[in-house]
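Below, chain A is the first sequence line, B the second, and so on; all start at residue 1. All heavy atoms count here, side chains included; hydrogens, waters and symmetry mates do not.
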There are 2 protein chains.
Amino acid sequence: MTNTPNRSVERAFRIVDELSENGGGRASELAARLEMPVSTVHDYLQALVETGYVTAENKEYRTSTRFLEVGHRQRHRLEVVKAVRDELATVADETGEHVTLLIEEHDQAVILAVQEGPDAINLFAYPGARMPLHATAPGKAMLAHMTDGRVAELVDQGLVEVTSRTVTDPDVLLEQLETVRQRGYAVDEGERIAGMVCIAAPVLDKREQIQGAICVCGPESRLGETRREEIADVVQRAANVTQVNLDYV
Amino acid sequence: MTNTPNRSVERAFRIVDELSENGGGRASELAARLEMPVSTVHDYLQALVETGYVTAENKEYRTSTRFLEVGHRQRHRLEVVKAVRDELATVADETGEHVTLLIEEHDQAVILAVQEGPDAINLFAYPGARMPLHATAPGKAMLAHMTDGRVAELVDQGLVEVTSRTVTDPDVLLEQLETVRQRGYAVDEGERIAGMVCIAAPVLDKREQIQGAICVCGPESRLGETRREEIADVVQRAANVTQVNLDYV
DNA sequence: AAATAGTTTCCGGCACAACCGAAACACTTC
DNA sequence: GAAGTGTTTCGGTTGTGCCGGAAACTATTT
C-alpha cells in the first residue's frame with residue numbers, strides 16, 4: 001500500500017508544510033527541523049522558488065501567494081460555494097453569530113467560507129482551516145450522512161480528544177449521529193472550543209450525498225435551549241435553500 | 001543558472017498548475033495535456049494525494065483545500081495586510097467602488113484583499129489573482145518606487161500588451177513612473193481591462209521600501225477628471241494611514 | 001453474456017537525476 | 001584578520017524516478 005509514492009514530491013511538500021507552519025524560514029533552520037542535510041533542503045528550496053510556489057527574499061523563504069490563487073480558484077469551482085451564495089450572510093444577520101460553510105475532505109472538516117454576524121465572537125476561522133469531524137457540529141452533521149462503513153473506518157482511526165467535552169466513545173458518537181438524522185441538525189457543546197456551542201445542518205444533493213454543512217457558533221452563555229432551537233431553524237432553512245440551488249444549477 | 005532544479009518538484013507543480021487551471025481532471029487527460037506518459041502522471045497524482053494537496057474522488061483529481069490553508073496563513077502573516085486593517089473598507093465606503101490591496105511578487109502584482117463598495121463593478125478579482133506590473137495602476141505605483149536597475153530588468157523582459165491601451169513603450173513607462181513619484185499616485189486608463197480606470201497609491205515603509213499598493217477601480221464613464229482627483233486623495237490618505245500602522249507595529 | 005474499447009493500476013529493470021559530503025564562498029562578530 | 005555561522009556550489013555514487021508493457025478494472029455495445 002504505502003509503496004514509494006515519489007520521495008521528491010513528498011519531501012517538497014514537507015518543506016512547504018514547514019514553511020507554512022512557521023511562516024517562512026531559512027535553509028538551515030528547515031534542515032534542522034526536518035532532519036535533512038542543508039544542501040538537500042537548499043536544492044529543494046531552489047526548485048520550489050523556480051516553480052513560483054515559494055519566494056525567497058534575501059535568504060528568507062516563504063510560501064508564495066500562488067497557494068492563495070490555486071486555493072481560491074478551486075473554491076470558486078466547488079458547487080456548494082456557488083449554491084450557498086448569500087445564504088451565509090442571511091444566517092449571519094438573523095442570528096448575529098459566527099457562520100461558516102464547511103465541506104469534508106481527507107477525513108476532516110474544512111472551512112470554505114466565513115461570515116461574521118454583528119455579535120460574532122472572533123474565532124480562528126479562515127478558509128482552509130481544518131478540524132476533526134467527530135469533534136464539531138458540522139463534522140457530525142456530515143458524518144450522519146455517510147455510509148456506515150465510512151464512519152466505522154473513521155472511528156477505527158481513533159477519536160482524538162480536542163477538549164474535555166469531545167466525544168471519544170464510539171457508541172456515544174453513533175447514537176448522536178442517529179439523533180442528527182432524526183432532528184436534521186447537529187450540536188456541539190464545547191467539544192472543539194471550550195465555551196463555544198455550534199449548531200450545524202447538513203447540505204445534501206438530490207442523491208442524498210453529503211456536500212457540506214452550514215454552521216453557527218456562539219458562546220454558551222448566549223445560547224440557551226430556546227435560542228438554540230431558533231438557530232437550528234434558521235440553519236436548516238439555509239441548508240435547504242442551498243440544496244435547492246445545488247440541484248437547480 | 002537554470003541547472004537542473006529538481007525535475008520531480010517541477011513536474012509535480014506542473015501537474016498542480018494544470019489541475020488548477022482546468023479545475024481538476026483525470027490521469028489520462030492530464031497526461032495528454034502535459035505530454036507525459038500516463039503511468040508517470042499516475043505516479044505523481046498518487047504521490048500528491050498522499051501529501052494531501054490533491055484529492056481524488058472516484059478517479060477525478062482536483063487541488064485540495066490545503067492550498068487555501070497555506071495561502072491564508074501566509075496572507076495573515078504579511079504585515080501589510082495587518083496594517084491595512086479597515087482602511088480598505090473605509091475607501092470602499094467613501095468611493096463606492098472596487099478596492100483592492102496588492103503586493104509585488106515574482107515580478108507581478110498580486111491581489112491580497114478585495115473590498116467592494118456599494119456601486120462596485122464586478123471584476124474577476126480574488127485574493128491571489130496576478131497581473132503584470134506595467135499594465136496596472138497599482139503595478140505602476142509599485143514600480144515607481146523600485147530601483148532603476150530593477151525596473152530596467154523588468155522592461156527588458158518585455159512589456160506585454162494586455163489591451164490596446166497598455167503602455168508597451170519603455171520610454172513612456174519611465175516617464176509615467178516619474179509622474180507617479182511627483183503626484184504620489186498612479187492611474188491606468190483601460191490598460192488592463194478595457195473601459196476600467198484604476199487609481200492606486202503606493203504603500204511604503206519607513207525605509208521607503210515598497211510594501212504594496214491600494215487600488216480603486218471603476219468604469220471610465222463614472223470617473224471624470226474631478227472624481228479621479230477625489231479618489232486619488234482618498235486612496236493616498238489610506239496608503240498613508242497604512243504606512244503609519246506599518247511603522248508603528 | 002460476451003466482446004470491445006478505454007481507463008486506471010501494477011510491475012520491474014535501466015538510466016539518470018536526486019542526494020549529500022565536502023569544499024568554497026559570503027556574511028557577521030569579536 | 002581570524003574565527004564563527006550560514007549559504008551555495010560541485011560532483012561521484014546510489015537509489016529511485018521513469019515509463020513500456022501487461023494486467024485489472026469500468027463502461028459501453030452487440
Practice task
Measure from the side-chain N and O atoms of B/Asn6 to the backbone N and O of B/Ser8, and report whether any donor-acceptor pair falls under 3.5 Å.
Solution key: yes
Can you name the residues that form a side chain to side chain donor-acceptor pair (under 3.5 Å) with [X], not counting sequence neighbours?
X	answer
A/Glu87	none
B/Arg150	B/Glu104, B/Asp107
B/Gln182	B/Glu178
A/Gln243	none

Taking [atom1] from [X] and [atom2] from [N], how many angstroms apart are they, rounded to a whole number?
X	N	atom1	atom2	result
A/Asn6	C/dA18	CG	C1'	11 Å
A/Arg7	D/dG17	CZ	C1'	11 Å
B/Leu30	C/dT9	CG	P	13 Å
A/Leu34	C/dC20	CG	P	12 Å

Problem - Pairing residues for A/Arg237 by the salt bridge (charged side-chain N to carboxylate O under 4.0 Å, His left out) criterion, not counting sequence neighbours - result: A/Glu94
[X] atom [atom1], over 12 foreign heavy atoms within 6.0 Å:
X	atom1	answer
B/Gln157	CD	yes
A/Asp148	CG	no
A/His106	NE2	yes

Practice task
Check DNA chain C against residues 10-25 of chain B and give the residues with a non-hydrogen atom under 4.0 Å, in numerical order.
Solution key: none
Handout entry: Stepwise side-chain contact (heavy atoms from CB on, under 4.5 Å) test for A/Arg62 and A/Val54
Key = CA-CA 6 Å; A/Arg62 57 176 188 77; A/Val54 167; over 6 Å; no
Handout entry: Polar side-chain contact A/Asp43-C/dC19 base: donor and acceptor under 3.5 Å
Key = no
Pairing donors with acceptors under 3.5 angstrom, does anything connect the side chains of [X] and [Y]?
X	Y	answer
B/Thr63	A/Gln74	yes
B/Arg192	B/Thr136	no
A/Thr65	B/Arg75	no
A/Thr55	B/Glu105	no

Using atom names, set out every protein N or O paired with an N or O of nucleotides 4-8 of chain D below 3.5 Å, distance rounded to 0.1 Å.
{"residue": "D/dT7", "atom": "OP2", "partner": "A/Ser28", "partner atom": "N", "Å": "3.0"}
{"residue": "D/dT7", "atom": "OP2", "partner": "A/Ser28", "partner atom": "OG", "Å": "2.6"}
{"residue": "D/dT8", "atom": "OP1", "partner": "A/Lys59", "partner atom": "NZ", "Å": "3.4"}
{"residue": "D/dT8", "atom": "OP2", "partner": "A/His42", "partner atom": "NE2", "Å": "3.1"}
{"residue": "D/dT8", "atom": "OP2", "partner": "A/Tyr61", "partner atom": "OH", "Å": "3.4"}
{"residue": "D/dT8", "atom": "O5'", "partner": "A/His42", "partner atom": "NE2", "Å": "3.4"}

Exercise for the section: Name all residues meeting the ring pair (Phe, Tyr, Trp, His ring centres under 6.0 Å) criterion together with A/Tyr61; count only those two or more places apart in sequence or in a different chain, and write none if there are none. Expected result: none
Practice task
Identify, with sequence neighbours excluded, every residue that meets ring pair (Phe, Tyr, Trp, His ring centres under 6.0 Å) alongside B/His72.
Solution key: A/His72
Problem - B/Tyr44 side-chain N/O to D/dC18 phosphate OP1/OP2 under 4.0 Å - result: yes
Practice task
Ignoring backbone atoms, test whether B/Ser8 places a side-chain nitrogen or oxygen under 4.0 Å from the OP1 or OP2 oxygen of D/dG17.
Solution key: no
Fill in the blank from the handout: With five pairs defining each end axis, the helix from C/dA1-D/dT30 to C/dC30-D/dG1 comes out bent, to 10°, by 40°
Short heteroatom pairs, N/O only, protein and nucleotides 12-14 of chain D, under 3.5 Å:
none

Give me, pair by pair, the N or O atoms of the protein and of nucleotides 28-30 of chain C that are less than 3.5 Å apart, along with how far apart they are.
none

